[in-house]
Amino acid sequence: MQKLVRIESVAAVLPEANVDTDAIFPARFLLLTTRDGLGRHLFQDRRQNADFPLNDPAVRDAKILVAGENFGCGSSRENAVWALADYGIRVVVAPSFGEIFHTNCFRNSVLPITLDAENLATIQSAAASGATLAVDLAAQSITLPDGAKVAFDIEPNRREALLNGWDETALILHRDAADIAAFEARQRETLPWLYES
Amino acid sequence: MPGRTLYEKLWDAHVIREAGDGRSLIYVDRHLVQEVSSPQAFEELRREHRTVRRPDAHLAVADHAVPTRRRDQPIEDPQARAQVAMLIDNAAAYGIRMIPLRDDRQGIVHVIGPELGLTQPGITLVCGDSHTSTHGAFGALAFGIGASECHTVLATQCVIQGHSRTMQIRVDGALPRGCTVKDLTLAIIGRVGAAGGTGYAVEYAGSTISALSMEARMTLCNMSIELGARVGIVAPDDTTYAYLHGRPMAPRGAMWDRAVAYWRTLPSDADAVFDRTMTLDATTIVPQVTWGTSPQDVLPVDGTVPDPSHAADDATRRRWQKALDYMGLMPGTRLQDIEIDRVFIGSCTNGRIEDLRAAAAMLRGRSVAPGVAAMVVPGSGSVKRQAESEGLHTLFLNAGFEWREAGCSMCVAMNDDRLAPGQRCASTSNRNFEGRQGAGGRTHLMSPAMAAAAALAGRIVDVRQDSE
Ligand code: SF4
């Protein structure tokens, strides 16, 4: 997985609540079986509308998206995150996220930052004015052009994994193989019907 | 120490190690593999030279991309054909059992898991699909995961998860005539909101829930994700055991008795404490219909389309306005004056035999209204055969419905079953998001009986009046 340490960029603002994964990545493109190049389908239907915030040329290269409540709700489709990442978005800031989407972000080196209303408003207005924001994962802060900082929380293990670009599957295989085998041996004794097939 | 909830018992029984941050490495007993969320997971196995740890714990089936007509022909759409072929190849290459497209038992993954007896109380079950919550109806810890987590499950039989907070939704009383569990489910979503359940595992309890059939419990748990909750569960009981007994993948003989003895230990202890509780009186439920673009945009069928100028705050006002613009509706319109173009009866929410019976019961020799295109898509081949043995298909066909092969169909519009831009659909599925049933399509969610009644009338109707 790609490392994520510091991201500095202008930010696109999409302040709607409940932006679902169908909007982020319409279902008909789920027939694609790769994960590369999906950025061109990001918000594809919504982008038909010229006023859609991501159509603003000023934020075409934005690596940061400032979103609304419950962003990424709906389906488990990881394609939504693959499309965001492929488009160039590495950080999504929102008051809350759909749960599976939130997990999917971490697995694809996209940092979901949850902020309370007040801090979100600060970031939102800075982003809307075209400011360049600096997200520093090690320091857990977003710095505005005037030097003001907004701190954010993140679970230490997830931060570590992003900073180092760790692959969760490799870690489990490396560290937990014996414990998994022991669990299976135990379960085979206590719940044997789960091992008949 | 207080007792434990069902969720906590399921969780504790599967923790291999605490991962810190409140997350744990959880053992996965069963994994359902479908064509859409698995190609990239298998691709990663190949790229990283990893193997499938326990091939017997997975079951593969194609449901999302498959056509619901002409199953004797190769799939027409080259992308869908390639995606299904990839699932077949991957299952074969890694020794995973697959239910082929032309098999009698093929169907929507969340319908066939229970039918086969694969879904059982006490297990952890995952699938790269958010409606995996359906299987919680059996007292299983079942939740949707992303494609790269599917890879982790294939390779390690584990997944790292955060422990949810617990919410009990307690429903008592009998559902009034004309009201089904779908109405109850939509009413709960309207009350809790689309994000209100985020971070929670919801347990449904109370006399109404205990009296529900397994099919109805599945409808309820299915839409937990529409509350933002990844997990919705019902404690296993005699209804659960009666449903499972004798199913092909359920335990047999002495193993069955052992299993039931274990399952009986699972329900929440009387003194268990939930982080949040909510109670509902089932006798107050009225048939529900959605008017907007989120399942929380739901109202009793005798209501009117809300007026954004009456919204409680600015954000809500903007959201309502946007939903009305998309849905092509004016504030104050009576829901029952909304005309529809299409009807879809099916999906993992309402594509089971009871749903088809409820819809068929509305027909009574009447016909689909002129100009309305209506279709029934059974949730599985088994549901289809059962319905045909009861003659339901004849009722539907005579009324002017199309009778299709099993699959996700117009719930997700990944095949050619989809709405044209601007078309309005009465649908028994679970999501009314913009574009969900086809770009520009407009979805009104409701129960199977309400959808059937809408097909006959050509507009949204109140089944309570229809059946008088
Ligand atoms: S029927 Fe709809 S909700 Fe259910 S699995 Fe298929 S696409 Fe998903």
Side-chain angles (χ1 to χ4, degrees), chain A residues 15-18 20-23 26-28 30-35 44-46 48 68-70 73-79 81-82 96-101 103-104 107-108 155-158 167-170 172-173 175-177 179-180 182-184 187 190-197, chain B residues 16-17 19-23 25 27 29 36-37 39-40 48 50 53 56 64-65 77 79-80 82-83 86 122-123 128-130 144-149 151-152 155-158 160 194-195 198-199 225 228 230 249 251 255 258-259 262 294 315 319 322 412-414 431 433-436 439:
Chain A
E16 280 165 43
N18 300 320
D20 56 72
T21 50
D22 278 86
R28 58 188 183 282
L30 292 176
L31 291 172
L32 300 167
T33 52
T34 59
R35 41 190 291 177
Q44 180 152 327
D45 294 338
R46 298 290 304 277
Q48 303 309 311
E69 191 197 349
N70 205 21
C73 63
S75 80
S76 62
R77 66 185 69 156
E78 197 158 328
N79 316 60
V81 178
W82 296 334
S96 62
F97 291 92
E99 235 181 300
I100 308 177
F101 177 86
T103 302
N104 286 340
R107 302 182 64 103
N108 291 283
E155 293 160 343
N157 288 354
R158 286 181 145 164
D167 167 10
E168 195 169 273
T169 310
I172 296 172
L173 286 171
R175 193 168 54 179
D176 299 306
D179 286 346
I180 297 169
F183 179 94
E184 285 171 340
Q187 198 189 42
T190 52
L191 312 177
W193 60 90
L194 295 179
Y195 291 80
E196 300 180 320
S197 60
Chain B
I16 291 187
R17 160 176 77 76
D21 302 345
R23 297 192 306 150
L25 184 68
Y27 190 77
D29 294 320
V36 179
S37 55
Q40 296 86 351
E48 302 292 334
R50 290 170 181 154
R53 179 179 176 88
D56 67 303
H64 281 61
D77 180 334
Q79 280 185 332
Q83 195 168 63
M86 205 173 274
I123 64 170
D129 187 284
S130 58
I145 57 177
S148 64
E149 287 178 304
H151 166 76
T152 305
T156 71
Q157 207 57 41
C158 292
I160 293 184
T198 304
I225 187 75
R230 286 173 79 179
M249 295 172 83
M255 277 300 177
R258 255 183 99 171
Y262 172 62
S294 161
R319 210 178 62 68
K322 185 167 164 291
V412 66
M414 280 186 63
R431 286 185 177 147
F433 298 159
E434 285 187 22
R436 170 73 178 189

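Only a predicted model underlies this, so the values are computations on that prediction, with no experimental measurement involved. Chain identifiers are assigned alphabetically (A, B, ...) following the order of the sequence lines, protein sequences preceding nucleic acid strands; residue numbering begins at 1 within each chain. In what follows, every heavy atom counts, from backbone to side chain, and hydrogens, waters and symmetry copies are set aside.
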Practice problem: Quick one: pull up CD in B:Q40 and CH2 in A:W82 and give me the separation to the nearest 0.5 Å. | Solution: 3.5 Å

Quiz item: Given the options A:S96, A:G74, A:G98, which has more heavy-atom pairs under 4.5 Å with chain B than any of the others?
Solution: A:G74

Quiz item: Which bit of B:I123 comes within less than 4.5 Å of chain A, counting heavy atoms only: side chain, backbone, both or neither?
Solution: side chain

Quiz item: Will you find, in the side chains of A:T169 and B:T152, an N or O donor that is under 3.5 Å from an N or O acceptor?
Solution: yes

Quiz item: Are the side chains of B:S130 and A:I100 in touch, meaning some heavy atoms are under 4.5 Å apart?
Solution: yes

Quiz item: Hey, what do you get for OH (A:Y195) to CG (B:D56), rounding to the nearest 0.5 Å?
Solution: 8.5 Å

Quiz item: Can a donor-acceptor pair be found between the side chains of B:S148 and A:E78 at a distance below 3.5 Å?
Solution: yes

Practice problem: Heavy atoms only, distances under 4.5 angstrom: which of B:H151, B:R23, B:E48, B:R436 has the most pairs with chain A? Name it, please. | Solution: B:R23

Exercise. State, to 0.1 Å, how close B:V412 and A:R77 come at their nearest heavy-atom pair, and which atoms those are.
Key: CG2-NH2, 4.2 Å

Quiz item: Do B:D29 and A:Q187 come close enough that some side-chain heavy atom pair is under 4.5 Å?
Solution: yes

Quiz item: Which bit of A:A182 comes within less than 4.5 Å of chain B, counting heavy atoms only: side chain, backbone, both or neither?
Solution: neither

Practice problem: I would like to know whether B:R50 and A:L173 meet side chain to side chain contact (heavy atoms under 4.5 Å, CB included); could you show each step before the answer? | Solution: CA-CA 10 Å; B:R50 290 170 181 154; A:L173 286 171; 3.5 Å; yes

Quiz item: Is the side chain of A:N157 donor-acceptor paired with the backbone N or O of B:A19 at a distance under 3.5 Å, no angle test?
Solution: yes

Quiz item: Quick one: do A:D176 and B:R53 make a salt bridge, cutoff under 4.0 Å?
Solution: no

Quiz item: In terms of side-chain geometry, is the basic nitrogen of A:D179 or B:R17 positioned less than 4.0 Å from the acidic oxygen of its partner?
Solution: no

Quiz item: With chain A, which of B:P251, B:G228, B:S37, B:G435 has the greatest number of heavy-atom pairs at distances under 4.5 Å?
Solution: B:P251

Quiz prompt | Salt bridge present between B:K322 and A:E16 (N-O < 4.0 angstrom) | solution = yes

Exercise. Tell me, for A:L191 versus chain B, whether the close heavy atoms (under 4.5 Å) come from the side chain, the backbone, both or neither.
Key: side chain

Quiz prompt | Interatomic distance, A:S75 atom OG to B:F433 atom CZ [nearest 0.5 angstrom] | solution = 8.0 Å

Self-check item: B:Y27 OH to A:I180 CD1 distance, which is reported to the nearest 0.5 Å
Solution: 8.5 Å

Quiz item: Going by heavy atoms in the side chains, are A:I172 and B:I160 under 4.5 Å from each other?
Solution: yes

Practice problem: With sequence neighbours excluded, tell me which residues meet side chain to side chain donor-acceptor pair (under 3.5 Å) with A:E155. | Solution: A:R158

Quiz item: So which heavy atom on A:F97 is nearest to which on B:T198, and how close?
Solution: O-CG2, 3.8 Å

Quiz prompt | Segment of B:Q83 engaging chain A (4.5 angstrom heavy-atom cut-off) | solution = both

Quiz item: Side chain, backbone, both or neither: which part of B:A155 has a non-hydrogen atom closer than 4.5 Å to chain A?
Solution: both

Exercise. For residues B:M414 and A:R28, determine if any side-chain heavy atom of one lies less than 4.5 Å from a side-chain heavy atom of the other.
Key: no

Exercise. Evaluate the side-chain proximity of A:D20 to B:R431: yes if any heavy-atom separation is below 4.5 Å, no if none is.
Key: no

Quiz item: With chain A, which of B:P39, B:G144, B:A147 has the greatest number of heavy-atom pairs at distances under 4.5 Å?
Solution: B:A147

Practice problem: Mind listing the closest non-hydrogen atom pair of B:A65 and A:L31 along with its distance? | Solution: CB-CD2, 3.4 Å

Quiz item: With chain A, which of B:M249, B:E434, B:E149 has the greatest number of heavy-atom pairs at distances under 4.5 Å?
Solution: B:E149

Exercise. Please answer whether the main-chain N or O of B:G199 pairs with a side-chain N or O of A:E99 as donor and acceptor at a distance below 3.5 Å.
Key: yes

Quiz item: Quick one: what part of A:E184 sits under 4.5 Å from any heavy atom of chain B, side chain, backbone, both or neither?
Solution: side chain

Quiz prompt | When A:T21, A:T190, A:L30, A:D45 are compared by non-hydrogen pairs under 4.5 Å with chain B, the top option | solution = A:L30

Exercise. Please look at B:R230 and chain A and tell me whether the side chain, the backbone, both or neither of the residue comes under 4.5 angstrom of a heavy atom of that chain.
Key: both

Quiz item: Which pair of non-hydrogen atoms, one from A:N104 and one from B:G146, has the smallest distance, and what is that distance?
Solution: OD1-CA, 3.3 Å

Quiz prompt | Side chain, backbone, both or neither of A:P26 within contact of chain B (heavy atoms, under 4.5 Å) | solution = neither

Quiz item: By side chain to side chain donor-acceptor pair (under 3.5 Å), which residues pair with B:T156, not counting sequence neighbours?
Solution: none

